[in-house]
Engineer: 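One structure coming up, written as structure tokens, with questions to follow.
Remember, it's 1-based here, ligands and their atoms both numbered in the order they're listed. The analysis underlying the following values was restricted to heavy atoms, covering all of them including side chains, and did not include hydrogens, waters or symmetry mates.
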Amino acid sequence: MNKDLDYIFPDPPEGVDPRALDPERIPESVAIIMDGNGRGAKKRALNRLKGHKAGIEAVREAIRCASDLGVRYLTIYSFSTENWKRSTEEVTGIMNLLRSYLSNCVERASKDGLRIRVIGDRSALDADIVEMLEHAERETAKFDKLDFTIALNYGGRDELRRTMTKLAKQVQEGTLAPEAITEDVIAKHLDTADLPDPDLLIRTSGELRLSNYLIWQLAYAEFYFTDTLWPDFDKESLKEAIRYYNGRERRFGGVK
Ligand code: FPP
């Protein structure tokens, strides 16, 4: 547990196991910023790509655990619009790891009842990756145990920019009145149109930043930060995050 966060855990009622999760308060939707792959590799004297490889194993574990615990939507920040600034070797390596993940994800997803979706701007991705993403989305659309969303070439500001362009075109064509642009209309034009807003955001590796992730959708989420590096994030880490969430009182701007 992150010791700095001790103060937010209320004392449990007598007779209640303080470590047990409240089955009534499992977050429906969890978003993760998986940070620390590079540092995880460095700690083990390995190169950064080995860290990303371990990161993918941690993603598989997170999917399994989230599904077991009853989380219905899991959204992972895989590659941001800013990540292109990394070395060509690292970017190519990450894209190849993604290829390898996608090459057998449909088979695995069908066993686990996983629906795969992708958010972000696909226009800058290699054509074979886009084809694999579309294949995975199409073939897993019928599954409903857990919706696993991969944010790929994703940036919150870029998503808002693309959404505004879509809406501006409709206004220009005369199919949408400017006054009709409600919050709901905006939400329905985001990449996440079919997904509920995250209830809980988890960021690993001790960084306390949003890094342009789901900036619209996280407006009312609970934020959980842990020092654990992403490759070390396991079932117990996820339970710890949900335990934290269990202790929070969500007011959505109101008073209770
Ligand atoms: C953060 O660690 C991780 C990334 C920027 C990208 C990792 C992407 C993958 C492993 C591909 C994901 C694929 C699927 C299937 C979801 P970091 O490199 O920023 O770590 P550091 O801050 O310690 O250097």
Engineer: Within less than 4.0 angstrom of ligand 1, does S205 place any heavy atom?
Structural biologist: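 S205 does not count as a contact of ligand 1 under the 4.0 Å cut-off.
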
Engineer: Going by the order shown, which atoms of ligand 1 are within less than 4.0 Å of some heavy atom of Y101?
Structural biologist: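 Under 4.0 Å from Y101, ligand 1 has these atoms: 15 (C).
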
Engineer: Is the F233 ring parallel, tilted or perpendicular to the W230 ring (thresholds 30°, 60°)?
Structural biologist: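 Parallel, since the angle between the ring planes stays under 30°.
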
Engineer: Can a side-chain donor-acceptor contact be found between D184 and T182 if the only test is distance below 3.5 angstrom?
Structural biologist: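 There is no such pair (donor and acceptor under 3.5 Å, judged by atom type) between the side chains of T182 and D184.
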
Engineer: Looking at ligand 1, does any of its N/O atoms fall within less than 3.5 Å of an N/O of N37?
Structural biologist: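 N37 vs ligand 1: N/O contact under 3.5 Å present.
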
Engineer: Considering only the protein, which heavy-atom contact is closest to atom 14 (C) of ligand 1, and what is its distance?
Structural biologist: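 Sorting protein heavy atoms by distance from atom 14 (C) of ligand 1 puts S78 OG, 3.9 Å first.
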
Engineer: Using a distance-only test with no angle check, is there a side-chain donor-acceptor pair under 3.5 angstrom linking R72 and S29?
Structural biologist: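 Absent: no donor and acceptor within the cut-off.
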
Engineer: For ligand 1, find out whether one of its N or O atoms is nearer than 3.5 Å to an N or O atom of I150.
Structural biologist: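 I150 vs ligand 1: no N/O contact under 3.5 Å.
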
Engineer: Using a heavy-atom cut-off of under 4.0 Å, does the side chain or the backbone of M34 touch ligand 1, or both, or neither?
Structural biologist: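 Both backbone and side chain of M34 come within 4.0 Å of ligand 1.
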
Engineer: Between R122 and E134, what is the shortest heavy-atom contact and its length?
Structural biologist: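 Shortest heavy-atom contact: NH1-CG, 3.8 Å.
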
Engineer: Report the member of R86, M95, K53 with the shortest heavy-atom distance to atom 17 (P) of ligand 1.
Structural biologist: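 Checking each option, the heavy atom nearest atom 17 (P) of ligand 1 is found in R86.
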
Engineer: Run the contact test for F79 against ligand 1 with a 4.0 Å cut-off on heavy atoms, strictly below, and give the result.
Structural biologist: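 Outside the 4.0 Å threshold, so no.
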
Engineer: Any chance the side chains of T226 and R203 put a donor and an acceptor closer than 3.5 Å?
Structural biologist: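 No pair is found: no donor N or O on one side chain lies under 3.5 Å from an acceptor on the other.
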
Engineer: With a heavy-atom distance limit of 4.0 Å, tell me whether N83 approaches ligand 1 through its side chain, its backbone, both, or neither.
Structural biologist: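 Side chain only; the backbone of N83 stays clear of ligand 1.
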
Engineer: Short list, please: which atoms of ligand 1 are under 4.0 Å from a heavy atom of G38?
Structural biologist: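 It comes down to these atoms of ligand 1: 17 (P), 18 (O), 20 (O), 21 (P), 23 (O), 24 (O).
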
Engineer: Among all protein heavy atoms, pick out the one at the shortest distance from atom 22 (O) of ligand 1; state its residue, atom name and that distance to 0.1 Å.
Structural biologist: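 Atom 22 (O) of ligand 1 sits closest to the protein heavy atom R39 NH2, 2.9 Å.
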
Engineer: Determine whether the side chain, the backbone, both or neither of L98 has a heavy atom under 4.0 Å from any heavy atom of ligand 1.
Structural biologist: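 Contact part for L98 vs ligand 1: side chain (C-beta onward).
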
Engineer: Would you say G55 contacts ligand 1, with heavy atoms under 4.0 Å as the rule?
Structural biologist: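 No, G55 has no heavy atoms under 4.0 Å from ligand 1.
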
Engineer: Restricting to salt bridge (charged side-chain N to carboxylate O under 4.0 Å, His left out), what partner residues turn up for R99, sequence neighbours left out?
Structural biologist: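 Only D126, D128 meet the salt bridge (charged side-chain N to carboxylate O under 4.0 Å, His left out) criterion with R99.
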
Engineer: Any idea which heavy atoms bring Y213 and A151 closest together, and the distance?
Structural biologist: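 Of all heavy-atom pairs spanning Y213 and A151, the closest is CE1-CB, 4.1 Å.
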
Engineer: Which heavy atom in L49 sits nearest to a heavy atom in L97, and how many Å separate them?
Structural biologist: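 In terms of heavy atoms, the two residues are closest at O-CD1, 4.0 Å.
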
Engineer: Counting each atom of ligand 1 from 1 as listed, which ones have a heavy atom of I56 under 4.0 Å away?
Structural biologist: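 Selected atoms, number and element: 10 (C), 13 (C).
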
Engineer: Determine, for K239 against D68, whether the closest basic-nitrogen to carboxylate-oxygen distance falls under 4.0 angstrom.
Structural biologist: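 No, this pair does not count.
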
Engineer: Indicate if L195 and Y154 have the same hydrophobic cluster label, given that clusters are the connected sets of ILVMFWY residues with side-chain heavy-atom separations under 4.5 angstrom.
Structural biologist: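 No, because L195 and Y154 fall into different hydrophobic clusters, even though each may have its own neighbours under 4.5 Å.
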
Engineer: To the nearest 0.1 Å, how far is atom 4 (C) of ligand 1 from its closest protein heavy atom, and which atom is that?
Structural biologist: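 Of the protein heavy atoms, H52 CE1, 3.9 Å lies nearest.
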
